[in-house]
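The block underneath contains the structure these notes are about, expressed in structure tokens.
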There are 2 protein chains.
Amino acid sequence: MASEEPLPHLRPTSWAVLGLLSFGEELSGYDLKKWADWSLRFFYWAPSYSQIYGELRKLEEIGYATSRVVNKDDVRGKRLYTITPEGEQAVARWASEAPVEMPVLKHGVMLRMWLGHASDPDQLRAMLVEHREQSEKMRVRAVADAEGASHEPGWAYPEMVLRWAERYYADERDRADTMLSELDAVRAKQRRSSTAKRTTRARRSSADLRQHRA
Amino acid sequence: MASEEPLPHLRPTSWAVLGLLSFGEELSGYDLKKWADWSLRFFYWAPSYSQIYGELRKLEEIGYATSRVVNKDDVRGKRLYTITPEGEQAVARWASEAPVEMPVLKHGVMLRMWLGHASDPDQLRAMLVEHREQSEKMRVRAVADAEGASHEPGWAYPEMVLRWAERYYADERDRADTMLSELDAVRAKQRRSSTAKRTTRARRSSADLRQHRA
DNA sequence: CCCAGACTATTTCGGTTAGTAATACTCCTA
DNA sequence: TAGGAGTATTACTAACCGAAATAGTCTGGG
């Protein structure tokens with residue numbers, strides 16, 4: 001309940017790995033990666049092996065996780081990680097207390113739309129259609145994952161987030177649809193005026209930019 | 001129109017910087033950063049100085065931009081960059097032809113919700129409320145930016161994307177509202193059962209995890 | 001029986017990216 | 001005229017990511 005000393009500064013990805021462990025399983029780096037690809041991927045992260053293993057070493061160093069080697073016969077046996085009580089306490093506190101930050105969004109499709117003045121509208125249209133389809137696919141996958149998950153009471157939160165993700169991708173799909181019709185409107189307008197002046201390339205004036213920046 | 005030789009491989013952030021230049025202004029790295037913070041930030045990127053300047057050097061090296069030094073009196077005069085015709089052609093082709101990739105989303109708030117089983121529901125609630133407010137703020141800022149922008153025909157695409165961004169943050173806000181009520185439902189259920197068994201910490205069984213991974 | 005192919009498991013590598021602080025000038029204003 | 005905000009660029013370091021190398025295990029078909 002009470003928060004005494006400050007949490008050690010770890011970045012979110014470390015907390016994410018510790019969070020995966022916080023469900024109580026004894027897991028290998030490989031397991032962790034697989035599980036993250038099932039769950040965290042939809043709203044946070046599809047980690048690489050190098051990161052997972054790096055984080056695990058770090059977590060063990062600071063005492064939030066312990067590992068034991070399961071020596072199947074001989075060389076390089078696999079290493080299973082477990083969260084420690086300190087680790088459990090730390091995730092719990094982090095999840096409760098960390099400052100709220102805006103999610104990071106890197107939307108390549110929108111970047112290309114933003115630059116649309118220079119592009120072929122037909123290809124932009126094709127891009128949006130494909131993006132729409134990809135979003136729908138992600139939505140479906142999120143639904144499938146939510147169904148595959150356990151329905152024990154402890155799973156209420158992951159389920160909630162998966163539902164959130166489903167809606168997120170549904171919204172993404174719908175926004176693509178809206179933009180598609182906006183694009184069609186622009187294309188229609190351009191077609192109408194294209195017979196008149198064909199080579200004119202609209203360009204922002206200095207005055208506009210300055211106004212915008214002000 | 002025709003796409004002859006393949007585009008040089010640059011990553012999206014380079015294209016983004018070149019894209020900013022493609023509006024025709026002669027800009028310094030500092031200007032670029034400021035403009036990116038106004039526009040790209042909402043859907044793509046809030047770049048750091050080091051990145052901007054690095055990209056600009058690279059862009060000049062491959063001939064997509066040129067620069068001239070404006071020597072204000074003495075030392076370290078500022079350097080203004082302009083896009084070259086080759087650069088213009090390249091952005092145009094990239095924006096049309098690049099493969100469509102799913103946007104990257106890193107949602108710390110959802111990560112913490114996902115880990116909710118270990119946290120204090122009241123604090124989760126406060127986190128969601130704050131996230132809701134931040135989303136709304138972003139929405140308002142996107143609207144303000146759209147209004148501040150020029151309404152020339154060449155600006156149709158940036159405007160379209162800003163409208164998209166406004167809706168994006170509105171949707172984000174609405175999803176937070178939905179989750180808020182779901183969380184309240186969970187809290188109500190927990191309160192009802194808390195008198196019975198207080199210390200039980202729900203934990204996933206091995207069998208469940210294996211099923212999920214299968 | 002044994003070989004191919006798929007799966008498990010971890011490490012290494014190089015290049016990219018990101019954040020932050022340091023530097024240094026200019027312009028405004030109290 | 002000193003301080004603060006704004007302009008402009010560079011340097012440093014840690015983090016990150018993808019891809020591939022390595023290597024053992026397990027399964028089914030010939």
Side-chain angles (χ1 to χ4, degrees), chain A residues 8-17 25-38 40-41 44-61 65 67-81 99 101-102 104-106 108 209-210 213-214, chain B residues 8-17 26-38 40-41 44-61 67-81 99 101-102 104-106 108 209-210 213-214:
Chain A
H9 179 68
L10 298 177
R11 43 201 72 229
T13 54
S14 307
W15 293 115
V17 172
E25 283 294 309
E26 197 181 22
L27 297 165
S28 67
Y30 189 86
D31 293 332
L32 250 358
K33 154 106 171 112
K34 217 178 350 158
W35 191 16
D37 284 343
W38 270 104
L40 297 187
R41 174 168 73 111
Y44 196 72
W45 195 36
S48 61
Y49 288 118
S50 37
Q51 259 170 298
I52 293 263
Y53 285 102
E55 298 297 353
L56 284 173
R57 270 189 291 267
K58 214 182 300 172
L59 255 19
E60 189 163 28
E61 225 171 85
S67 69
R68 69 190 178 92
V69 175
V70 183
N71 247 334
K72 287 235 171 173
D73 297 327
D74 47 328
V75 273
R76 264 214 294 201
K78 83 168 160 180
R79 187 177 286 271
L80 294 178
Y81 287 85
E101 268 153 37
M102 258 289 132
V104 171
L105 175 67
K106 240 184 192 189
L209 183 53
R210 246 173 271 120
R213 282 202 301 249
Chain B
H9 179 67
L10 299 176
R11 38 202 77 226
T13 53
S14 307
W15 292 116
V17 173
E26 196 182 21
L27 298 164
S28 68
Y30 189 86
D31 293 332
L32 250 357
K33 155 110 171 110
K34 218 181 346 160
W35 191 16
D37 284 342
W38 269 103
L40 296 187
R41 174 170 73 113
Y44 196 71
W45 195 36
S48 61
Y49 288 117
S50 40
Q51 262 169 299
I52 293 263
Y53 286 101
E55 298 296 354
L56 284 173
R57 272 191 290 268
K58 214 182 301 172
L59 254 20
E60 188 163 28
E61 225 171 85
S67 69
R68 70 193 178 91
V69 176
V70 184
N71 247 334
K72 286 231 169 175
D73 296 328
D74 46 329
V75 274
R76 263 210 300 197
K78 82 166 159 180
R79 186 177 285 272
L80 295 177
Y81 287 85
E101 269 153 38
M102 258 290 130
V104 172
L105 175 67
K106 238 180 196 193
L209 182 53
R210 249 175 268 120
R213 282 203 301 250

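Chain naming here is simple, since letters A, B, ... match the order of the sequence lines and numbering starts at 1 in each. Worth knowing before you read on, the calculation uses all heavy atoms, side chains too, and leaves out hydrogens, waters and symmetry mates. Since we're looking at a predicted model, the values are computed, not measured.
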(message) Need one value for Ser48(B): base, sugar-phosphate or nothing, where a base atom within 4.0 Å counts as base even if backbone is also close, heavy atoms only.
(response) base

(request) Return the 5'-most residue of the pair Ala46(A), Tyr53(B) with respect to DNA chain D, ranking by each residue's nearest nucleotide. (result) Tyr53(B)

(request) For Tyr81(A) and for Tyr49(B), locate the closest nucleotide of DNA chain C by heavy-atom distance; then report the residue assigned to the nucleotide nearer the 5' terminus. (result) Tyr81(A)

(request) Assign Lys33(A) to base, sugar-phosphate, or nothing according to its heavy-atom contacts below 4.0 angstrom with the strands shown. (result) nothing

(message) Expressed as a whole number of angstroms, how long is the span from Asp31(B):CG to dT7(D):C1'?
(response) 9 Å

(message) Once side-chain hydrogen bond (donor to acceptor under 3.5 Å, both in side chains) is applied, do any residues pair with Ser14(B), and if so which ones, sequence neighbours excluded?
(response) Glu55(B)

(request) Please state how far atom OH in Tyr30(A) lies from atom P in dT11(C), giving the value in whole angstrom units. (result) 15 Å

(request) Ignoring the backbone of Ser50(B), work out which of dA8(D), dC12(D), dC16(D) is nearest its side chain. (result) dC12(D)

(message) Please report the distance, rounded to the nearest Å, between CH2 in Trp15(A) and C1' in dC16(D).
(response) 19 Å

(request) Rounded off to whole Å, could you give me the CG-to-C1' distance for the Leu27(A) and dT8(C) pair? (result) 14 Å

(request) Whole angstrom is fine here: how far is it from CD1 in Ile52(A) over to P in dT11(C)? (result) 13 Å

(message) As a test of understanding, state which of Glu26(A), Arg57(A), Glu60(A), Lys78(A) forms a side chain to side chain donor-acceptor pair (under 3.5 Å) with Ser67(A).
(response) Glu60(A)

(request) Without swapping roles, check the side chain of Asp31(B) against the backbone of Ser28(B) for a donor-acceptor pair under 3.5 Å. (result) yes

(request) Tell me, please, which residues at least two apart from Lys106(A) pass salt bridge (Lys or Arg N to Asp or Glu O under 4.0 Å). (result) none

(request) Please state how far atom CZ in Arg68(A) lies from atom P in dA9(C), giving the value in whole angstrom units. (result) 13 Å

(message) Treating Glu101(B) as the side-chain partner and Gly108(A) as the backbone partner, does any N or O pair qualify as donor plus acceptor under 3.5 Å?
(response) no

(request) Map Arg57(A) and Arg11(A) onto DNA chain C by nearest heavy atom, then report which one ends up closer to the 5' terminus. (result) Arg57(A)

(message) Nearest whole Å is fine: how far is dT26(C) C1' from Lys78(B) NZ?
(response) 11 Å

(message) What is the distance, to the nearest angstrom, from the CG atom on Leu32(A) to the C1' atom on dT8(C)?
(response) 14 Å

